[in-house]
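Within every chain, numbering begins at 1; the chains are lettered A, B, ... in the order of the sequence lines, protein sequences first and strands thereafter.
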Protein chains: 2
Amino acid sequence: MPQEPEPAPTVERTVRRRARRATAPGVVTLHDVATAAGVSLATASRVLNGSSRVVGEPLREKVLAAAARLDYSPNAQAQAMARGRSNIVGLVVHDIADPYFSTIAAGVMQRAAASDVIVTLAVTGSSPDTEVTHVAALRRQRVRALLLAGSRWQDEEATAALRDELNAFRAGGGRVAAISQDVLGVDTVLIDNHRAARRLAEELVGLGYREFVLLGGPRGVATAVDRASGFRAALTERGHPPVLDLECAFTRDGAHGALGEVLARGLPASGGRPPCVLAANDVMAVGAMAAVREAGLDVPRDVAVAGFDDIPTLRDVSPSLTTVRLPLAEIGGHAFDLVDETAPQRRVEHVTGRVLVRESTPPLR
Amino acid sequence: MPQEPEPAPTVERTVRRRARRATAPGVVTLHDVATAAGVSLATASRVLNGSSRVVGEPLREKVLAAAARLDYSPNAQAQAMARGRSNIVGLVVHDIADPYFSTIAAGVMQRAAASDVIVTLAVTGSSPDTEVTHVAALRRQRVRALLLAGSRWQDEEATAALRDELNAFRAGGGRVAAISQDVLGVDTVLIDNHRAARRLAEELVGLGYREFVLLGGPRGVATAVDRASGFRAALTERGHPPVLDLECAFTRDGAHGALGEVLARGLPASGGRPPCVLAANDVMAVGAMAAVREAGLDVPRDVAVAGFDDIPTLRDVSPSLTTVRLPLAEIGGHAFDLVDETAPQRRVEHVTGRVLVRESTPPLR
DNA sequence: CCGGACCCTTACAACGTTGGAGGAACAGTG
DNA sequence: CACTGTTCCTCCAACGTTGTAAGGGTCCGG
């Protein structure tokens, strides 16, 4: 098919550019700056965003002045397209209102700001399908990297779908890091929930507790399962398996409801010792403490309570909560580092918590 | 300058396109899908993302099949450029680890998900300059709208710089909404901190408290100033101006430190009644309660404490905290609605808190 | 007075997409 | 059978950048 040799373009193109302009009329483009400064597009580009080539001082100043005068703001999307890379990372959490995730997010944001990276947030609402949807959306945004902060679910189908999506993302040059469990085959900040839970339970047996009530969270959430299994293993080994092993939502209300029901039926037989409630996280522990109080009982005199995470906002509850301290902000920062640097091979960083015994589980006798 | 009528382009262009390709090699483009399906770019675009025009069933299926087979993911940045609009909004908070902001953010995220909007998060770390920097970065990203969730600072210079930046953003068609104070001339969810603080203080006078200690936060933060001034006004009107009026950081540590110092010097003279500490937010109130306990005193027997916000995570502290309930998640959702709909003119929505008297300030006598 | 730096301009092809203009095939109408 | 509409596609010019190739001035040293 032959091409007709079009008419001289310059003027006509400019006119049509203005006429057809798709963006809002008020947005200043590099073209506008170049025109205002009386230089070419390429020169303006080099002064304002370019790297390699140098531009002479007089022109340089004219361009900068024009840009300032017109209040030019480079279009990052266009830059990303032209350069073939963006400086956005996606952060996926289950619930940003949950202090566990918001603390991790704070750690991520701090590192991101230092690296001049922009963070796009997505929340799954604890639904594996929603997580896949959001990961796909972030892939469409061509984020440079993806941070998956949430616990994995024990759901083979959803995990497979996610893994597919992540593989496609990584095939396009994207980096991925996960926090919690190492089941996705990506760089991971692995939290050793099982081991830390064991140590906490052992410590409590050492303090003299014998009757344990487990608020283990739901069966499908890996973090909850790991913690509960750690508690269970240690207690069973020490000869004091949990007298009650409850499933409930991984939330304040879940723990509050489950323990409330139990207490309404009366305390487990205890040989004079207060029983000890082991909650799978601090938020649940606080819900459990509320249920104890509502039953007219005292923490720790009648019921001892321990949590997990050492959420900063909850450090001042009274009695202060025995828990496992996780360096949540550092964990977030660490995950960011995993995707920020270009590492030669897959890495798994281990994080273990530190047991903190406080007022909610005083030594017995 | 004459144009030479270039050689037939199709094949040659394809070759060079492959050769010079800037994006990562693994990324599938619309072009690839079109080629694989044996249709033109435009047809593929219309099948996969297009709206208006219809594509015949046979071709339509071929395109969908090719897209699925190649695992095509549309490039949202390119779409944004071509369409001249994005579906990203920017959310600016002071500190995402602060439950006040994370709860607001959760409200925003929920609405955003429902509207298929992507949210980019920025944290200021409570620095006005950082806020301007982040707003500029979000403008470069060509976000569709901007949500400023943080309290304003009483800093004329920084406010002016921010206002300039916002005007430039709005000139380019961006929408802006603010939460808290109405000083930027944009759509606002205005929180009537002053009035709610008055009502809380009046309630406490009604309960019999007479000696008040104000933990008013810093002078520069508008939210803290509004709340403190509401407390002060009500107390002064009722004839019981604060016996101590302390400035401190708007944080747990700020309140804890300031009140700790005071208590180290002994309780204010009280005529047998416990004094009442009025903190400018819940997190500070909890820090204050910790300081009271560390001084060997009891809340509320020796010192009563009240806060502000009704942070969900802190609803189970013991004794339960007297406070002002703000519907934080709804406030976030509301701000999102302000920028999501296209409103004819500037709107200011008022939100007032509800006073909740709980165990930390029992009635006297 | 020429050759070569140096600094700039012009021009253009990307990047991945959209949307308008235009055209081919085909049916319906006179 | 020519005309006029529809459909359903394709082609091409945007969108705002970057980066490179090709070229044109100016200045300097030989």
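Judged by closest nucleotide on DNA chain D, B:A44 is the one of A:A78 and B:A44 placed further toward the 5' end.
One interatomic measurement links the two molecules: CG of B:N75 to C1' of D:dG16, which rounds to 14 Å at whole-angstrom precision. The interatomic distance linking A:R142 (CZ) with D:dT17 (C1') rounds to 17 Å, in whole Å. Between the CZ atom of A:R140 and the P atom of C:dC15 there is a distance of 22 Å, given to the nearest Å. Rounded to an integer number of Å, the gap from B:L30 CG to D:dT10 P is 12 Å. To the nearest angstrom, C1' of D:dC11 lies 10 Å from CG of B:L41. As rounded to whole Å, 13 Å separates atom P of C:dT18 from atom CG of B:N87. In this structure, A:Q77 places its CD atom 21 Å from P of D:dA14, rounding to the nearest Å. B:H31 has its NE2 atom 9 Å from the P atom of C:dC15, to the nearest Å.
In this structure, the side-chain contact (heavy atoms from CB on, under 4.5 Å) partners of B:V63, at least two apart in sequence or on a different chain, are B:V33, B:A37, B:V39, B:A44, B:V47, B:L48.
Within the structure, every pair that satisfies the side-chain hydrogen bond (donor to acceptor under 3.5 Å, both in side chains) test and touches residues 122-137 of chain A, not counting sequence neighbours, is listed here: A:S127-A:T130, A:E131-A:R152.
Listed nucleotides D:dC15, C:dT17, C:dC15 differ in distance to A:M81; the shortest reach to its side chain belongs to C:dC15. Of all nucleotides listed (D:dT18, C:dT18, C:dG20), C:dT18 comes nearest to the side chain of B:A82. Among the nucleotides D:dT17, D:dC11, D:dT20, the one closest to any side-chain atom of B:A42 is D:dC11. Among the nucleotides C:dT10, C:dG19, C:dC15, the one closest to any side-chain atom of A:S40 is C:dT10. Nearest nucleotide to the side chain of B:T43, out of D:dT10, C:dT9, C:dT17: D:dT10.
Terminal axes of the helix from C:dC1-D:dG30 to C:dG30-D:dC1 (five pairs each, C1' rotation axis) are separated by 60°, to the nearest 10°.
Contact of B:R46 with D:dT10 (side chain to base): a donor-acceptor pair of N or O atoms is detected under 3.5 Å.
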- Under the salt bridge (Lys or Arg N to Asp or Glu O under 4.0 Å) rule, what do B:D337 and B:R111 come out as? Steps first, then yes or no, please. CA-CA 8 Å; B:D337 292 343; B:R111 282 286 213 299; 3.0 Å; yes
- Pair A:L147-A:I179, side-chain contact (heavy atoms from CB on, under 4.5 Å): steps then yes or no: CA-CA 8 Å; A:L147 264 34; A:I179 293 171; 5.8 Å; no
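Using a 4.0 Å heavy-atom distance criterion, B:L59 is classed as a sugar-phosphate-only contact.
Around the CD atom of B:Q110, the shell of radius 6.0 Å holds no more than 12 heavy atoms that belong to other residues, nucleotides or ligands.
OP1 or OP2 of D:dT18 has at least one side-chain nitrogen or oxygen of A:S45 nearer than 4.0 Å. In this structure, A:Y72 does not reach the D:dG16 phosphate: none of its side-chain N or O atoms is under 4.0 Å from OP1 or OP2.
Panel note: side chain A:T35, backbone A:H31; a donor-acceptor pair is recorded below 3.5 Å.
In this structure, A:H94 and A:W153 have parallel ring planes: the angle between them is below the 30° cut-off, well short of the 60° mark.
Rounding to the nearest 0.5 Å gives a distance of 5.0 Å between CZ of A:F169 and CG of A:L146.
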